[in-house]
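What follows is a set of notes on a single structure, which appears directly below.
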Amino acid sequence: MSRVRQPPLVTGISPNEGTSWTKVTIRGENLGTGPADLVGLSICGHNCLLTAEWMSASKIVCRVGPAKDDKGEIIVSTKSGGHGTSTVSFKLLKAEKIGILDQSAVWVDEMNYYDMRTDRYKGISPLSLRPSNPLGIDFDKGKVPLKDLEALFPGVSGEFTSENFSATWYLIENHSVTSFDQLRMAASNLKKQATKKNEGSLAYVKGGLSTFFEAQDALAGLMELGSHDAAIHQRLESDGTERVEGSMTQRLENVLNRASDTADTLFQEVLGRKDKADSTRNALNVLQRFKFLFNLPLNIERNIQKGDYDVVINDYEKAKSLFSNTEVSVFKKVYAEVETRIGALKILLLDKLLETPSTLHDQKRYIRYLSDLHASGDPAWQCISAQHKWILGLMQNCKEEFINYQRVGLGAIALDLEGDPRPSAFSRIRDTAPLNKGGILHTPRHSTWHYETPQQVQFVEKLSDVVIGQLPNFWKLWISYVNGSLFSETGEKSGQVEKSKKNARQRQNDFKKMIEEVTHRLVKLVRGALLPSTLTELELRLYGGWENKTELTGPWLTQVIHIVRIIFEALVALEIPNDLLQVIQDLLLELRHHCLLVTLHHTAEDVKRVAEKEDWVVDNEGITSLPAQFEQCMVQMLQSLKEPMETKPGEVNILQLDQDQASELCVDIIKVFINCLEQLSTKTDRDIDTSRMSVDQASPNLFSGIQEDFCPTLEQRLLIILSNCQYLEKHTFLNLAEHFERHGFTGTEKITRVTVHAVKELDESLFDAYIERKSDPIVGSLEPGIYAGHFDWRDCGTPTGVRNYLKEALVNIITVHAEVFTVSKDLVPRVLSRIIEGVAEEMSRLMQCVSSFSKNGAIQARLEIDSLRDAVASYLSSESHRHHLVVYGKGSESRTLPAIQLV
C-alpha cells in the first residue's frame, strides 16, 4: 500500500493541437515517481498509455491517438497519486477530407471515399462514385419519384458522372421545394467553387512540381533505354524470347533489386541500433532496481531519523511489489532486513501515536502511517483509549497539585499540564466573553490577581482548561474514526474504511462510557471542591481533600457557575448527546441554588455591618444614610444574583424551584436590619463610637450649636430611628419590592407584608419608649406643682394668673417639641399629641380627686385648664377630648360649679 501523494496535475502540453498520432510533450506536477508508477494517460478521452514515455515527475512524451472528441483534457493516473486533473486541453484536428473531384498531389484511394452527406467513409466501386454537393445547400427531404423524372427527361440523368447529365433533373430531384433565396445562394457557391478550381490548378501544379520533375526524369531514362535496346525489342518480338541478358527489363529488375537490398541494409542497421538501445535500457533498469534494493535498509534508517515517513513507506511499497516473491537468496536476505526495519518503524510510530500530549493532526498522521504499513490491531482505537486515560489523569493530577500546594501553605499556583505549551482554553474564552455580574467583578485585575483568587476557583478554571482544551480533539478523533477519514485513499481501496466503520459501531457503547466517565469525573471534582456534602465518603476520599478550603462568597460562586456554563456550551457545540451532559446540568442547578443561599446569608452579615456604620447624620427629612445603605446592599445582592439566577436554555428556574425558602431568607435579611435598628436604639452612650458622629452641614438649622464630636442622647437616637422606620415603611420596602419583581423573585407581596409588619412593631415599641421617657416627668410634676405651698382649692385667693407648675409643664412640652422638630418635623404631631393625652388624663384625674371648689378655686381651675387647652390646641387628639375636668363647688351657697373640660 503506497503512501498517498498529491494527485497528478497537468499544466501544459506542446503542441496544444494537431491531428491523430501527433507527438506531444506533457508537463505538470506529480506525474509519477517512475515508469512503473504511471498507470494511465488519456488525451481527449483516448488511451495513450502505450505510446507514453515517462521522462520525469514533471514531463511525459506520447502520441495522440484517434480520439472521438475534438477537444478534451489530458488526464494522468499514477499508483502513488491516483487519478489526476488538468488545467489545459488539447484540440484534435481532423484530417482534410478530399472529394472525388478535388485535386491532390498525393495518391487518394478512390475505393474508400468520404461521403459528405452521410459524414462517413464508404467503400464503393469506381463505377458508383458520387460527387459531393456542388450547390452547398441542404437537400430536400421529399423527392420526386424516379419514374416521373425518367418520363419527363428521357435519355438524360441527374448523376454527375453520367455523360448525359441534366441540371434540370438534378434540381427537380434534390431541390424541388427550395426557396429562391436558397437557389441564389447555391449559384453564388458554384461561382466560388469555379473560381477556386481555376486558382487551385496553378497551386496544384506548384505543389506537385517535384513530382512532375521526377516523373519526367523517369520517362526520359526509359526513352533512352528504349532507344538503345530497340534492336533487342525487335528480336524479342520476332523470336518470342522472354528474357535477354542486358535488356531494359533485366536492367530495371537489377536496379530494383539493388534498391531493395540497400533499403533492407539501412533498416537492418536502424532496427539493430533500436534493439541494442532497448537491451541497454532494460539492463540499466535492472541494475537500478537492484541498487534500490541493496541501498533500501540504509535509506530507511536515514529517512526515519529525518522523520520522512512518507518516503520510507513509498520505498517499502515499491520494494514489496518487486521483491516480495523473489526466489533469489540474496534478494531474500536484503528484503528480510527491510522487513525488520519496517517492523521497528511500526513500533516507533505506535509509540509516537500513544505519546501525550499530541495534536489531533499528529494523531491522524500516525494512524495513517500505521494503516499504510498494515500494523496489527486497531491503532485508532488504541489512540482513543490512550487519550481517554490521559485526560482523566490530567483532571485528577490537577486536583492533587492544588491540594499538595495547599498543604504546604503556598499561595495560588499555576499548574503546567504535563508541559503542554498551548494557551489556556478558558483564558481565551474569558478574554472574549467577560463576566457580567452587575459590576462586581468588572474592575481590572492587576498582576497579583491569581494570589487573591480562592484556590477552589483557580482549580475550577484549570479544570475547565483541561476539559475545553482536550475533550474537543478527543471527540473529533472519534468522529474521524467513525466516518473513516483517518485512512488514505489506498486504505479505502483495501477495505480498511469499511472495517473501521464496523469496529466503530461495535465500540460505540465503549466510547459513550468514556465520555460519561470524563463528565462524571469533572462533576465530582467540582463537587469535591465546592459541594462536598453531596458526595459519599468513598467519593470524598477520591475527589475531595480540601481540608483548609475557604468559604466562597457569592461573586466567586458566580464566577464558578460562569466557568461551568462555558464548559457545557463548549461540549454542546461539539454535538455531544444531551444525555451525556445531563450531569453537568445537575451540577449547575446545585451550584446556582448554593450560590443563592450563600449570597443571602452573606448579605445578612453585610447588613449587620452596615448597621454598625451608622453615623447619625440627619438630613432635612429626618433620616440618616442607613436606609439608603441598606437598600443599596440589597440591590447589589440582587445584581450579583443576576447571572446565577438567569435561566439558560435547558436549565431550571431556580427561584420557582425553591421560592418559599428564597422568600423566607429575604424576609430574614430585612428582619436582621430591623433588629439592628432596635439594637442601635438601646445602645448606651459608652457603646457609641463618637469618631464618626457629625451633622449634616447642608442643614444648618438642625442641632444648632452641636460640635463635630456630637454624641446623640438616647432620646435623640430613638427619634432618629423612628424617622428611619417611617422612611423604610413608606419608601425603602416598596423600592425593594420592585427590585425583587424585576429580578424574578416570587412572593414579593408576602415579603413586603411581613417586613412592614415587623417595622411597625419596632416603630410602636420605640415610640412608646420615647413617650415614656418624655411624658412621665411632665405628668409626674403636675400633682406636686398644683399643691405646692399647701395650696387648697377651697381656700384660695383671687386668681391673678396661671401658676408656675403649669408654666413648667408647658416649657417641658415646648422642649420636647423642639427636640422632635430638630430630628423630624413629621414626628411632632404624633409625639406631642401622645404627651398631651397623658397631661390631659392626669389633669382630669387630679381635678376629679378634689372634693369641692371655692369660687376663687373654681375660677383658678378654669383659668389654668383653659390656658393649657389654648396652649396645646394644635395637638389635641380625639383621646384628649374624652378626658373631662369636673370641678364641684361646695362653697357656702352649696352649689355646683359648671364643669370644666379640655375642649
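Keep in mind the model is a prediction, meaning the values are calculated, not measured.
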Test item: side-chain donor near acceptor, H601 and E605, under 3.5 Å | no
Which residues satisfy the ring pair (Phe, Tyr, Trp, His ring centres under 6.0 Å) test with F740, sequence neighbours excluded?
-> F745
Name all residues meeting the side chain to side chain donor-acceptor pair (under 3.5 Å) criterion together with E517; count only those two or more places apart in sequence or in a different chain, and write none if there are none.
-> H388
H739 and R742 side chains, donor-acceptor separation under 3.5 Å | yes
F459 meets the ring pair (Phe, Tyr, Trp, His ring centres under 6.0 Å) criterion, sequence neighbours left out, with F402, W546
Set of side chain to side chain contact (heavy atoms under 4.5 Å, CB included) partners for E783, sequence neighbours left out = Y787, E842, R845, L846
Applying the side chain to side chain contact (heavy atoms under 4.5 Å, CB included) test to H594, which of L596, V598, L591 qualifies?
-> V598
Please list every donor-acceptor pair under 3.5 Å in which a side-chain atom of residues 765-772 meets a protein atom from a residue at least two apart or in another chain.
from	atom 1	to	atom 2	distance (Å)
D768	OD1	R834	NH2	3.3
Y770	OH	E819	OE1	2.5

Over 12 non-hydrogen atoms of neighbours within 6.0 angstrom of CG in D586 = yes
Compare every heavy atom of L641 with every heavy atom of C595, then report the nearest pair and how far apart it is.
-> O-CD2, 4.1 Å
Would you find more than 12 non-hydrogen atoms of other residues, nucleotides or ligands less than 6.0 Å from E764 atom CD?
-> yes
Applying ring pair (Phe, Tyr, Trp, His ring centres under 6.0 Å) to Y727 and not counting sequence neighbours gives H731
